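These notes concern the structure reproduced below.
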Amino acid sequence: MPYRPFTTQNCSIAAALAIVGERWTLLIMREVLLGHRRFAEIKREVGVAPNILSDRLQVLVEQGLLERKLYSERPESYEYIPTSKGTDLTPTLVALMQWGDRHAAPAGGPPRVHVHTSCGHDAHPRLHCSHCGEVIESSQLRVRPGPGATPKQRAEGVLPQLTRARSPSPGARA
């Protein structure tokens with residue numbers, strides 16, 4: 001699947017999804033970041049067809065998330081090394097894993113658990129404010145226009161925080 005930008009949207013999420021939003025791409029990056037760097041390893045762990053894997057790896061190399069490095073001349077074989085742009089996806093994968101653990105994990109619980117390498121204990125990463133250091137909950141976030149905002153986005157100003165869906169009150173009509 002070729003890279004297809006969302007040209008009509010001035011949005012960092014849309015720009016990121018143009019690169020990593022295809023269903024296999026984040027799973028491939030998961031495996032590379034877990035240390036499975038060879039084609040056969042990635043294919044085995046993800047369960048993706050070889051033609052799709054080849055295509056996704058090519059896009060990830062072209063977009064600068066992975067570097068293709070020869071590890072054997074006979075037969076000619078490559079491994080895929082994450083670049084700094086690729087390792088910058090780690091917080092995204094952690095957030096998706098945490099969401100999956102909360103809302104989609106198997107009945108037995110999370111299949112994997114993050115461990116903080118400095119202390120060796122299970123980690124439960126959270127968002128923290130870069131200014132005051134406080135933990136940030138979803139309800140405490142708002143979005144304001146950034147330096148790349150369009151005039152329309154500047155005019156919208158600060159947008160409301162994300163809120164959780166409310167359960168309908170008993171007897172309420174749908």
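We use all heavy atoms of the structure for the numbers below, so side chains are in, but hydrogens, waters and symmetry mates are not. All of these numbers come straight from a predicted model, not from anything done at the bench.
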Shortest non-hydrogen separation from [X] to [Y] and the atoms involved:
X    : Y    : answer
V135 : Q140 : O-OE1, 3.5 Å
Y71  : Y78  : CE2-O, 3.1 Å
R112 : D101 : O-OD2, 4.3 Å
V20  : L26  : O-CG, 3.6 Å
G148 : N10  : O-ND2, 2.9 Å
W24  : G47  : CH2-O, 4.0 Å

I need the [X] [atom1] to [Y] [atom2] distance, nearest 0.5 Å.
X    : Y    : atom1 : atom2 : result
T150 : Q9   : OG1   : CD    : 11.5 Å
Q63  : I19  : CD    : CD1   : 4.5 Å
E41  : L34  : CD    : CG    : 11.5 Å
H116 : S118 : NE2   : OG    : 3.5 Å
L57  : I28  : CG    : CD1   : 5.5 Å
E67  : T83  : CD    : OG1   : 8.0 Å

Any [X] side-chain heavy atom under 4.5 Å of [Y] side chain:
X    : Y   : value
P110 : M97 : no
S77  : R38 : no
R30  : V46 : yes
L66  : M29 : yes
Y80  : L60 : no

Assess whether atom [atom1] of [X] is packed by more than 12 heavy atoms of other residues, nucleotides or ligands within 6.0 Å.
X    : atom1 : answer
L70  : CG    : yes
R154 : CZ    : yes
H121 : NE2   : no

**OP:** Walk me through it: do L27 and V48 pass the test side-chain contact (heavy atoms from CB on, under 4.5 Å)?
**Re:** CA-CA 10 Å; L27 297 176; V48 62; over 6 Å; no
Original post:
Same cluster or not: are L33 and L96 linked, directly or through other Ile, Leu, Val, Met, Phe, Trp or Tyr residues, by side-chain heavy atoms under 4.5 angstrom apart?
Top reply: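 Same cluster: L33 reaches L96 through Ile, Leu, Val, Met, Phe, Trp or Tyr contacts under 4.5 Å.
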Original post:
Checking H124 side chain against D122 main chain: does a donor-acceptor pair fall under 3.5 Å?
Top reply: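 Side chain of H124 to backbone of D122, a donor-acceptor pair under 3.5 Å: no, none is there.
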Original post:
Distance-only, no hydrogens or angles: does the R37 side chain make a donor-acceptor pair with backbone N or O of V32 under 3.5 Å?
Top reply: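 Yes, the answer is positive, given that a donor and an acceptor are paired below the 3.5 Å cut-off.
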**OP:** Please step through side-chain contact (heavy atoms from CB on, under 4.5 Å) for the pair L65 and T25, ending with a clear verdict.
**Re:** CA-CA 11 Å; L65 283 82; T25 303; over 6 Å; no
Subject >> Donor on one side chain, acceptor on other, H36 and E31, under 3.5 Å >> reply: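 Per modelled atom types, H36 and E31 side chains form a pair under 3.5 Å.
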